[in-house]
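Have a look at the structure below before the remarks.
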Amino acid sequence: MTAQAHAADDDFARLDAPDTLRFERILPGPVERVWSYLTEPEKRRLWLADGAMELRDGGAVDLVFRNGELNAGQPTPENFAKFAGEFHNPGTVLACEPNRLLRFTWEADGPNESEVTFELAPRGERVLLTVTHRRLVKRSTRLGVAGGWHAHLTLLADLLEARERSALWPLFAQYRAAYETRLPE
């Protein structure tokens, strides 16, 4: 069964606080490999976004999204067309402990500025990746962020597990709809 066809219940984000989503994924290790897919632009581009990231406290982040490239060769649905081109998501690194922790602002200086944290912990030959996204004030933002992270993390798992890559937009639509019933008003 493809990732697109089904997501396990434990793959869905937890609402840790009214404005905080937490995702957990067990991925093939070692930790250094997973870290490289979070921090190296050419690898991060394959599942999330390209762009420079200064891996030090106070360092600049420029995530360059090209979501159209993540749709496994399928055309972008009309309702996602405005997200298919290139757009930048600036931020600032708030904490960086290589192979363990990366925290940075998301959509810095904008009306929806928030904060993302990646944490890595070894689990035998695998790695626990925890993604926490804080300061998501509006429910509509939480729904979009939940669907987006869930879809992008599926793409990361596809890469690390050496599976055929899923298409981004069908995943996003599927997960966004699922979160409508999972996240409170």
Check whether Arg139 reaches the backbone of Pro184 with its side chain - one donor and one acceptor, N or O, closer than 3.5 Å.
yes

* To do: Please step through side-chain contact (heavy atoms from CB on, under 4.5 Å) for the pair Trp169 and Thr76, ending with a clear verdict.
  => CA-CA 7 Å; Trp169 295 124; Thr76 300; 3.5 Å; yes

So the salt bridge (charged side-chain N to carboxylate O under 4.0 Å, His left out) pairs with at least one residue in residues 146-155 (sequence neighbours excluded) are none

d(Ser166 OG, Leu171 CG) to nearest 0.5 Å is 4.5 Å

Looking only at atom types and distance, does a side-chain atom of Asn71 sit under 3.5 Å from a main-chain N or O of Leu168, one as donor and one as acceptor? yes

**Prompt:** Cluster question for you: counting only ILVMFWY and a side-chain heavy-atom cut-off of under 4.5 Å, with indirect links fine, are Leu55 and Leu129 together?
**Reply:** yes

CH2 (Trp35) and CD (Glu97) are apart, to the nearest 0.5 Å, by 8.5 Å

Check the pair Leu128, Glu24 against side-chain contact (heavy atoms from CB on, under 4.5 Å), reporting the backbone distance first and the verdict last. CA-CA 7 Å; Leu128 171 63; Glu24 293 182 344; 4.0 Å; yes

| task | Step through it carefully: locate the ring centre of Phe172, locate the ring centre of His150, and say whether they are under 6.0 Å apart. | result | no

* Under 4.5 Å between side-chain heavy atoms, hopping through other hydrophobics if needed: is there a path connecting Leu70 to Leu159? -> yes

Indicate the ring-plane relationship of Trp47 and Trp149, choosing parallel, tilted or perpendicular according to the 30° and 60° boundaries. tilted

Smallest heavy-atom separation, Val127 atom then Pro30 atom, equals CG2-C, 3.7 Å

- Task: Report yes or no: do Tyr179 and Val137 belong to one cluster of Ile/Leu/Val/Met/Phe/Trp/Tyr joined by side chain heavy-atom distances under 4.5 Å?
- Result: no

- Going only through I, L, V, M, F, W and Y residues with side-chain contacts under 4.5 Å, is there a path from Val145 to Phe80? yes

- prompt: Are any of the side-chain heavy atoms of Glu115 and Leu136 separated by less than 4.5 Å?
  reply: no

* So, does Glu161 use its side chain to make a donor-acceptor pair with the main chain of Ala157 at under 3.5 Å? -> no

- Query: Are any of the side-chain nitrogens in Glu107 or Arg135 under 4.0 Å away from the carboxylate oxygens of its partner?
  - Reply: no

Just checking Asn79: does its CG atom have more than 12 heavy atoms from other residues, nucleotides or ligands closer to it than 6.0 angstrom?
yes

Rounding to 0.5 Å, atoms CG (Leu156) and CZ (Arg44) come to a distance of 11.5 Å

To the nearest 0.5 Å, atom CD of Glu32 lies from atom CG of Asn99 at 4.5 Å

| said: Go through it in stages, so that I can follow the logic: the residues are Leu120 and Arg100, the test is side-chain contact (heavy atoms from CB on, under 4.5 Å), and I'd like the CA-CA distance, side-chain angles, deciding distance and then a yes or no. | reply: CA-CA 5 Å; Leu120 298 174; Arg100 195 187 88 64; 5.7 Å; no

Rounded to the nearest 0.5 angstrom, the CG-CG distance for Leu38 and Leu48 is 9.0 Å

Heavy atoms of Ala108 and Gly91 approach each other most closely as CB-CA, 3.7 Å

Are the side chains of Thr117 and Val131 in touch, meaning some heavy atoms are under 4.5 Å apart?
no

Co-membership, hydrophobic cluster, residues Leu160 and Ile26, 4.5 Å side-chain:
no

Any Phe65 side-chain heavy atom under 4.5 Å of Asn89 side chain
yes

Under the side-chain contact (heavy atoms from CB on, under 4.5 Å) criterion, do Arg56 and Cys96 qualify, and how do the steps go?
CA-CA 6 Å; Arg56 61 174 177 76; Cys96 182; 5.8 Å; no

- request: Please tell me if the side chains of Glu180 and Leu143 come closer than 4.5 Å, counting only heavy atoms from C-beta onward.
  value: yes

Value for CG (Leu155) from CG (Leu46), rounded to nearest 0.5 Å, stands at 10.0 Å

Does the side chain of Ser114 come within less than 4.5 Å of His133's, by heavy atoms? yes

Between Gly51 and Pro41 the two heavy atoms that sit nearest each other are O-CG, 3.3 Å

So salt bridge (charged side-chain N to carboxylate O under 4.0 Å, His left out) across residues 59-78, not counting sequence neighbours, yields Arg45-Glu69, Asp50-Arg66, Arg66-Glu86

Surrounding CD of Glu125 (heavy atoms of other residues, nucleotides or ligands, distance under 6.0 Å), is the total greater than 12? no

- prompt: Just wondering, do Thr39 and Leu102 contact through their side chains at under 4.5 Å, heavy atoms?
  reply: yes

For a 4.5 angstrom cut-off between non-hydrogen side-chain atoms, does Met53 reach Phe104? yes

Extract all donor-acceptor atom pairs below 3.5 Å that involve side chains of residues 12-23 and protein atoms in other chains or at least two apart in sequence.
residue	atom	partner	partner atom	Å
Arg14	NE	Asp16	OD1	3.3
Arg14	NH2	Asp16	OD1	3.4
Asp16	OD2	Arg22	NE	2.4
Asp16	OD2	Arg22	NH2	3.0
Arg22	NH1	Thr132	OG1	3.4

How about Thr105 and Val61: do any of their side-chain heavy atoms sit closer than 4.5 Å? no

Here the pair of heavy atoms bringing Pro28 nearest to Val34 is O-CG2, 3.5 Å

